[in-house]
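Worksheet: the structure to be examined is printed underneath.
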Amino acid sequence: MSVEYLQVAEDEGEEPIELPTEDDGTLLLSTLSAQFPGSSGLKYRNPETKAMRGVRLSEGRLHPPPEIGWGSQIFYCVFPKENKRKSDDNLENSTAKTKRMETKLRCTDLIVLGLPWKTTEQNLREYFETFGEVLMAQVKKDPKTGQSKGFGFIRFASYESQMRVLAQRHMIDGRWCDVKVPNSKVLMARI
DNA sequence: GTTGAGCGTT
């Protein structure tokens with residue numbers, strides 16, 4: 001059997017990368033984020049209306065547009081809003097803003113709620129590495145049985161990754177999980 | 001071998 005590919009670029013004008021689809025014709029979100037860390041979906045330009053169209057995402061799988069399929073056209077990554085401000089970031093020079101960044105840019109441990117019982121620390125790390133360098137990943141377990149308690153903690157090297165992760169929900173091993181700043185760190189993080 | 005809101009033995 002032959003694997004089908006579709007062309008994906010980070011944005012218009014960028015070099016596309018060919019990504020393999022699954023047997024059912026869908027593209028796994030994990031395949032997408034492996035090449036484009038933090039990407040949360042796909043869009044493409046409708047040749048008729050010139051407008052951008054979103055690609056359907058369901059259960060971690062991106063579905064080809066019903067009318068045209070993946071075809072040979074180029075699809076573009078969609079990022080959670082924070083990420084889309086490349087130009088803004090170059091404009092900051094005020095000391096006030098810099099000062100504020102210093103206090104906000106510190107990474108904290110993040111709690112991951114709702115993990116499947118089967119998810120291991122290895123799985124957790126692999127999932128979140130698509131967002132950036134992971135310094136720590138742990139799954140809380142029963143010390144005697146080793147059974148997962150269904151939640152864990154992660155820590156990123158960069159605050160940018162942390163913000164992207166906090167901005168969306170996460171499909172991990174088939175379950176939607178929430179990432180939050182843990183209560184024990186909330187006071188510290190909000191100062 | 002089960003469960004599904006929550007808050008981390010070191």
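Order of the sequence lines fixes the chain letters, A, B, ..., with proteins taken first and strands second; residue numbering starts at 1 for each chain. Computed from a predicted structure; not experimentally measured.
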Donor-acceptor contacts, no H, no angles, side chain residues 68-75 of chain A, under 3.5 Å, sequence neighbours left out:
unit_1: A:Trp70; atom_1: NE1; unit_2: A:Gly25; atom_2: O; d: 2.7

Proximity to DNA chain B (any heavy atom under 4.0 Å), residues of residues 125-142 of chain A only
A:Gln138, A:Lys140
What nucleotide among B:dG8, B:dG4, B:dT9 has an atom nearest to a side-chain atom of A:Lys149?
B:dT9
Distance check needed: B:dC7 P versus A:Leu113 CG, whole Å only.
8 Å
Checking contacts here: which listed nucleotide (B:dG8, B:dG4, B:dT3) is nearest the side-chain heavy atoms of A:Phe151?
B:dG8
Return the value, rounded to whole Å, for the distance between atom CD1 of A:Ile111 and atom P of B:dC7.
8 Å
Residue mapping more 5' on DNA chain B - nearest nucleotide basis, A:Leu115 or A:Lys180
A:Leu115
Rounded to the nearest Å, what distance is computed from the CG atom of residue A:Asp178 to the P atom of nucleotide B:dG4?
17 Å
Under 4.5 Å side-chain heavy-atom separation, chaining through any Ile, Leu, Val, Met, Phe, Trp or Tyr, what else clusters with A:Ile111? Say none if it is isolated.
A:Leu113, A:Met136, A:Phe151, A:Phe153
Nearest-nucleotide check on DNA chain B, A:Pro143 vs A:Ser148; residue mapping nearer the 5' end is A:Ser148
May I ask you to say whether A:Asp178 pairs ionically with A:Arg169, meaning some side-chain N is under 4.0 Å from a carboxylate O?
yes
Whole angstrom value for the distance that separates P of B:dG6 from CG of A:Asp109:
21 Å
In whole angstroms, the gap separating P of B:dC7 from CD1 of A:Ile154 amounts to 18 Å
My understanding is that only residues two or more places apart in sequence, or in another chain, count here; which of them pass salt bridge (Lys or Arg N to Asp or Glu O under 4.0 Å) with A:Glu18?
none
Atom pairs and distances, side-chain donor-acceptor, residues 51-66 of chain A, under 3.5 Å, sequence neighbours left out:
unit_1: A:Arg61; atom_1: NH1; unit_2: A:Asp24; atom_2: OD1; d: 3.4
unit_1: A:Arg61; atom_1: NH1; unit_2: A:Asp24; atom_2: OD2; d: 3.1
unit_1: A:Arg61; atom_1: NH1; unit_2: A:Thr26; atom_2: OG1; d: 3.0

Starting from P on B:dT10, measure out to NZ on A:Lys144 and report it in whole angstrom.
19 Å
Given atom CZ of A:Phe153 and atom P of B:dT10, what is their separation to the nearest angstrom?
12 Å
Non-neighbouring partners of A:Lys180 that pass salt bridge (Lys or Arg N to Asp or Glu O under 4.0 Å), sequence neighbours left out:
none
Rounding to an integer number of Å, can you tell me how far A:Asn183 CG sits from B:dG8 C1'?
12 Å
When rounded to the nearest 0.5 angstrom, what is the spacing between OG in A:Ser33 and CG in A:Leu28?
9.5 Å
